[in-house]
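It should be emphasised that the depicted structure is a prediction, and the values quoted were computed from it without experimental measurement. Residue numbering restarts at 1 for every chain, and letters A, B, ... go by the order of the sequence lines.
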Amino acid sequence: MTSMPIDTTQARALYTKLVLIREVEELIAHAYAEQQMRCPTHLCVGQEAVPAAVGTALRPDDYIFGTYRGHGIYLAKGGSLRAMLAELYGKAAGVTRGKSGSMQLIAPEVGFLCASALVGGTIPIAVGGGLAAKMRGEDRVSVAVFGDAATEEGVFHEAMNFASLKKLPVVFVCENNFFAVYTHISARQCADNIYQRAAAYDMHGVRVDGNDIVAVYEAMREAVAVARNGGGPTLIEARTYRWREHCGPNWDNDLGYRSAEEAKNWMQQEPVKRFERFVTEARLLSADELRTIRERIVEEAAEALTFAKNSPFPDACELLTGVYAP
Amino acid sequence: MTSMPIDTTQARALYTKLVLIREVEELIAHAYAEQQMRCPTHLCVGQEAVPAAVGTALRPDDYIFGTYRGHGIYLAKGGSLRAMLAELYGKAAGVTRGKSGSMQLIAPEVGFLCASALVGGTIPIAVGGGLAAKMRGEDRVSVAVFGDAATEEGVFHEAMNFASLKKLPVVFVCENNFFAVYTHISARQCADNIYQRAAAYDMHGVRVDGNDIVAVYEAMREAVAVARNGGGPTLIEARTYRWREHCGPNWDNDLGYRSAEEAKNWMQQEPVKRFERFVTEARLLSADELRTIRERIVEEAAEALTFAKNSPFPDACELLTGVYAP
Amino acid sequence: MSRLLTYAQALNEAVSLTMEVDPAVFIIGEGVDDPKGIFGSTSGLKEKFGDRASDMPLSENGMTGVIIGAALAGMRPVMTHQRIDFTLLALDQIVNHAAKRCYTSGGRQGVPITIRCIIGRGWGQGSQHSQSLHSFFAHIPGLKVVMPTTPYDAKGLLIASIEDNNPVVFIEHRWLYNINGQVPEGLYRVPIGEAKMVREGSDLTIAAVSYMTLEALRAADMLAEAGVSVEVVDVRTLRPLDDKPIINSARKTGRLLVADTGWKAAGFSAEIVARVVEELHGLLKCAPRRIALPDCPTPTTPALANNYYPRSVDLVAAVCDMLGMKPDRPFAQATTAVPLDLPDKLFTGPF
Amino acid sequence: MSRLLTYAQALNEAVSLTMEVDPAVFIIGEGVDDPKGIFGSTSGLKEKFGDRASDMPLSENGMTGVIIGAALAGMRPVMTHQRIDFTLLALDQIVNHAAKRCYTSGGRQGVPITIRCIIGRGWGQGSQHSQSLHSFFAHIPGLKVVMPTTPYDAKGLLIASIEDNNPVVFIEHRWLYNINGQVPEGLYRVPIGEAKMVREGSDLTIAAVSYMTLEALRAADMLAEAGVSVEVVDVRTLRPLDDKPIINSARKTGRLLVADTGWKAAGFSAEIVARVVEELHGLLKCAPRRIALPDCPTPTTPALANNYYPRSVDLVAAVCDMLGMKPDRPFAQATTAVPLDLPDKLFTGPF
Ligand SMILES: Cc1ncc(C[n+]2csc(CCOP(=O)(O)OP(=O)(O)O)c2C)c(N)n1
Ligand SMILES: Cc1ncc(C[n+]2csc(CCOP(=O)(O)OP(=O)(O)O)c2C)c(N)n1
Ligand SMILES: [Mg+2]
Ligand SMILES: [Mg+2]
């Protein structure tokens, strides 16, 4: 018997985040049709294992930087669920008082420093987080989470070079879901080799099954340990799949840009059930425990949604406030 | 005895371009002190083997795109010497009627389509030349020539990906002289591995001694042949050394940013004498022939300089002409 | 023969027709050949023209360099950006390279590229997806900048842009995509560099940019009921700016209001005000005024975005104020009922 | 204690002093620690502060992202660009990211970065190395933009910029680097957002940006000899723009001339004209006027560049025209003898 990669505490933490992300995203998908969340919303249903594992592998004081598809890492890093849903509803209790909606979530109190609606935008910003940590002699790690298309932007290259040059405590996590909106990676990139590009930057690169939360967690833990101990950056490519449409709550395989079989295959590799099977078979958690965790989350999510719906909008006079920091 | 890599005709062509570039650059260095060439001027003394070989390996209808350090490829591709010197003097007979000086030379009539004072600026532009050729079904090749620092810019990455993705007839030629102004590559890049970055783009990469004109020529001929036959792009890293200051005619090793020994070592690998030794030893060209070629060039250069000095400035009314194409 | 087409259809037809007649024309951009076809404006081109209508990597600066190079090598590329915000990644190529090439070649080289960019608003697009950055481009010699309002102008100006031998930044407002208008079949050009008087009036001139032309026309309708006669000039081309129709109109009416889709400070609306007052000293009956975005990024929540975008009622209020009138209450009520993060159904045309 | 320092020395001292008192401050840029030290403005910092003064790869957009991230993580970075043209590569990070962060965080996050950019001219810098792109930044809410003219202001505004919790674009004119002025020792601040009247006068107001302030002062000297009294306001901060001193001055003199280092169309000078005429309707004695660059890229040859940059004589001519005077010949002769692609020796100060 091979040694168990995770223990019960880790299993519980991973499962909690995994299910939290899934349940919240599904709740949003359901509520979105009411047209009260009036902002572009990019769900990560199907991809939850990546943010859940990444968030679990980090300390609260580590930094993370993400994209417009950011609910997953926001929740996994410990951001307030109520404040996130309130933000989607454009309410004053939202993380940014309704000023940035789903695409630019933040939770600075738990190290989620920023997200961007510009593809690739936060990759170099995350490197800056690593630079700050290193300059101050802290053992903090800074993580950039981004999609496959973000690696086509010049800043990806610039950020990789600088992080490696200065041996910064950075982990680059690419969520490769093979698509940029409706365009397959093969129409955008010269090779399907994202993790191998690390070599060009004298950096370790690793590819993992992004629907296997344990695999992502292990790769992430190793990368974080290396970074924390002064060993410099790592690039992790986690291969996964987005279930719903690029932006919005619907299913869109009928558009014909990807095949039903492909989607079906990926859904058979569904990360939540797969992890449930793993932890129960490994007797890390019982089916009962899983049910309890999920029920608590469902309840919490429903409560947060009600809170968000019922909380007040910001006052009109806030339009011109907060442009500049005092 | 190994087979001879070049024949007499090629040797003559290479030598002619090599000496042309050297003599013209030295002439400029000499005349610059008169302060009549009133524009930033970046000489390529010491690096001549790269442009000379690149230019010789191309057909007149091939495209080339360069940088502000562009005299070499301008001359090697067959640009008019008179028009270049007139340009440096800001005269109406200059290639752009004095409007862009040394940094943005062009010679569209021989395929030198543009240069840029922005580091990295013409790398993607050269890829566009390749795209045009491919779309029209021509067997033309498009060449990007750029410095080591240009590979730090995001557009290098973007251009490499697109050229490889579309298998465009492009050759990327990096003149690695180890410095960006006064900054060594080790302070800017995570590894001294420019040619190896090609692998990340599923592209062939090759490193050559940039002071060995035969080596550059052979690498270039192969890359051009592959590109012309639909085999896609190649990245060539030619390692060489700039003798004089970054911008201007003077020597600047006294500034202390590089060591006298390093410079001396490189000067011992001087490309012109080295090639003279090679062609005479290989009996491709006689010492007499070499002398004749050089004398003709010296004469031609002196004549062109006189022409440039004596030719008239553009009329003041030209300030506002040519902003838009008719 | 003229038909009723949407703005999106008009754009599509312009590209399709130029591609038919000139093999040097091609179109490239993120999503050009995907199922949505840039909100319908590129749908079907892939089927008709194969690789000449293609997607591209997310490499805005590099790909702009690519089309510049293709243009220098004899092609006539069209690029699309689903949001103008993405062009900020490409300004080195657009401003440092494309805009300078003709001049720095001593007039020898043209760069016949057209860069289509969509500006927009609504549904919580927020700070990074709804900027209206046309003043950047209008500032740069060597670029041409057009912002058509009607389907007719969209087609005619896009054809003129593609045929132009210079880099043209072609800016489309997302809320215009569904409006209708009479559009002739076949190739025709609307000349770049001509403003257009779209409504005659005698009391006040509104010079409007892009979508704000529709808000201005609506304001003019509302004001007409109150006996105020407003002249509306659609700027259409920002560079080269055709200031004569605006100056002439302001000379006639004696009052100038500029309605812009962008920010005010150091923005395009300031240029119009400056040009008019430089020409018409002492001839205006009141101070000129600008209606533009408030000086802050775009908020996402509708609670704040509702007050972000100026609309016809704001123009009406400004006009009344400039004329020394008290605006009637009904004006305000007329539009505030419409949800402001979705395109206004009243604005479907035909124009 | 105050000493005579050059502008470059004043900048150097500002960075050095802030680095001494605040360990969060660091400076990074191409050439920061090289033998030339950004024309002397960063010389010695490497020796004093080690890695806190460092060079960087040629990755303008990425490195701007890096300093934004460092700022979000509590640092206070200063970046240098030897030419503002290079910032066009970084506008995505500056405009889409840094400028928006505070607002889109609901006011929770500041981005305390200072981006020093040099604008310049002369010696055939040409189209890609001599642009004056300040109007781009002045257009964007969330940025602050300063352009100091004197060594005193350079030091005080740079300290204020570094201490500011927002992204500040700090623009230095290369031709100011060698001018001299009295500069106090130690930390002091010149507040961001204050224009400054630098010469009192009664006949006409010149609002000048950066280096053009020196040309304006010289023009004022020349005009004083002809009995014309010119008031000069140094704009100093472009965003937030302190328009009151300009408006008050124009109200008093009744005439406004704006002297800018950049292009005219949709540029910063238009904003000043617009603000003044919006406030002073009917109070100006003649039309306002702008002196700015001709509408073309910068030519390299001195034969054309000589006519590209406006100078004191051009200001004098404009002023005379606005006052209905014929300019005296000697004015023109006074400056055309100076070679125009090198900094004017008459402008060394002290200021
Ligand atoms: C710089 C930039 N270019 C284009 C876009 C439009 N866009 C938004 S999301 C997206 C797809 C990005 O794909 P990927 O990075 O793989 O992330 P995913 O959406 O698959 O999670 C595109 C093209 C953008 N937001 N920013
Ligand atoms: C985008 C950009 N950043 C910075 C500069 C300033 N600069 C001019 S040349 C140069 C060095 C470039 O080095 P490299 O690419 O190796 O070419 P080399 O000069 O060595 O031939 C720098 C930093 C520039 N011109 N453009
Ligand atoms: Mg993707
Ligand atoms: Mg170099």
Side-chain angles (χ1 to χ4, degrees), chain B residues 63 65 87 92 94-101 103-106 108-109 111 113-118 120-136 138 140 142 144 153-163 165-166 168 170 314 318 320-326, chain C residues 23-26 28 49-52 54-77 89-90 92-93 95-113 140-144 164-168 192-193 239-240:
Chain B
Y63 299 135
F65 297 80
E87 184 66 34
V95 282
T96 74
R97 306 192 64 74
K99 278 178 172 153
S100 38
M103 295 205 289
Q104 293 188 65
L105 293 175
I106 51 164
E109 64 286 357
L113 294 193
C114 88
S116 174
L118 275 296
T122 52
I123 304 177
I125 299 180
V127 172
L131 178 66
K134 176 153 182 169
M135 289 185 81
R136 290 190 299 247
E138 299 164 354
R140 238 192 267 252
S142 184
E153 294 285 356
V155 284
F156 167 72
H157 168 75
E158 297 178 351
M160 293 284 284
N161 177 48
F162 188 70
L165 172 69
K166 300 285 181 185
L168 299 181
V170 174
E318 288 197 36
L320 286 163
T321 63
V323 181
Y324 292 96
Chain C
V25 177
F26 67 91
I28 190 165
F49 301 103
D51 283 351
R52 287 170 62 206
S54 85
D55 214 311
M56 70 181 201
L58 268 75
S59 308
E60 288 81 2
N61 203 35
M63 292 309 304
T64 306
V66 167
I67 63 163
I68 293 171
L72 290 173
M75 304 298 283
R76 202 170 274 284
L89 283 152
D92 171 53
Q93 287 295 338
V95 174
N96 282 331
H97 292 91
K100 309 289 190 275
R101 191 92 297 276
C102 186
Y103 192 74
T104 54
S105 69
R108 294 168 74 189
Q109 292 176 319
V111 181
I113 60 174
I140 304 295
L143 297 180
K144 297 190 176 181
D164 198 284
N165 286 324
N166 297 283
V168 181
I192 294 175
R239 171 175 276 275

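Looking at C:Pro141, the atoms closer than 4.5 Å to chain B (heavy atoms on both sides) sit in the backbone and in the side chain alike. Within the 4.5 angstrom heavy-atom criterion, no atom of C:Leu89 approaches chain B. Using a 4.5 Å cut-off between heavy atoms, B:Ala92 makes no contact with chain C at all. Only the side chain of B:Arg136 comes within contact range of chain C, judged by heavy atoms closer than 4.5 Å. Heavy atoms of B:Leu165 lying under 4.5 Å from chain C belong exclusively to its side chain. Looking at B:Thr321, only its backbone comes within 4.5 Å of chain C, counting heavy atoms on both sides.
The greatest number of non-hydrogen atom pairs below 4.5 Å with chain B, out of C:Gly106, C:Ala73, C:Pro77, C:Gly110, is found for C:Ala73. Most heavy-atom pairs under 4.5 Å with chain C, from the set B:Ala126, B:Gly98, B:Ala132, B:Pro314: that is B:Ala132. For the set B:Gly101, B:Gly94, B:Pro124, the entry with the most heavy-atom pairs within less than 4.5 Å of chain C is B:Pro124. Here C:Arg101 is the residue among C:Arg52, C:Lys144, C:Arg101, C:Lys100 with the most heavy-atom pairs under 4.5 Å with chain B. Residue with the most contacts toward chain C among B:Ala159, B:Ser100, B:Gly130: B:Ser100 (heavy-atom pairs, distance under 4.5 Å).
C:Gln109 and B:Leu113 make their closest contact through NE2-O, 2.7 Å (heavy atoms, listed as atom of the first residue, atom of the second, distance). A pairwise comparison of heavy atoms in C:Cys102 and B:Tyr324 identifies SG-C, 3.6 Å as the closest pair. For the pair C:Ser105 and B:Ile106, the tightest heavy-atom approach, listed with the atom from each and the gap, is CB-CD1, 3.5 Å. What you find for C:His97 and B:Leu118 is that their closest heavy atoms are CE1-CB, 3.7 Å.
Within the model, atoms OG1 of C:Thr104 and CD of B:Gln104 stand 4.5 Å from one another, a figure rounded to the nearest 0.5 Å. The CD atom of B:Glu318 sits 8.5 Å away from the OH atom of C:Tyr103 when rounded to the nearest 0.5 Å. C:Arg108 contributes atom CZ, which lies 12.5 Å from atom NZ of B:Lys99 (distance to the nearest 0.5 angstrom).
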Full working for side chain to side chain contact (heavy atoms under 4.5 Å, CB included) between B:Ser116 and C:Asn96: CA-CA 9 Å; B:Ser116 174; C:Asn96 282 331; over 6 Å; no
What side-chain donor-acceptor pairs closer than 3.5 Å can you find for residues 60-70 of chain C, not counting sequence neighbours?
unit_1  : atom_1 : unit_2  : atom_2 : d
C:Asn61 : OD1    : C:Gln93 : N      : 3.3
C:Thr64 : OG1    : C:Glu60 : O      : 2.6

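Every residue meeting the side chain to side chain contact (heavy atoms under 4.5 Å, CB included) condition with C:Pro112, not counting sequence neighbours, appears here in chain and number order: C:Ala71, C:Arg76, C:Asn165.
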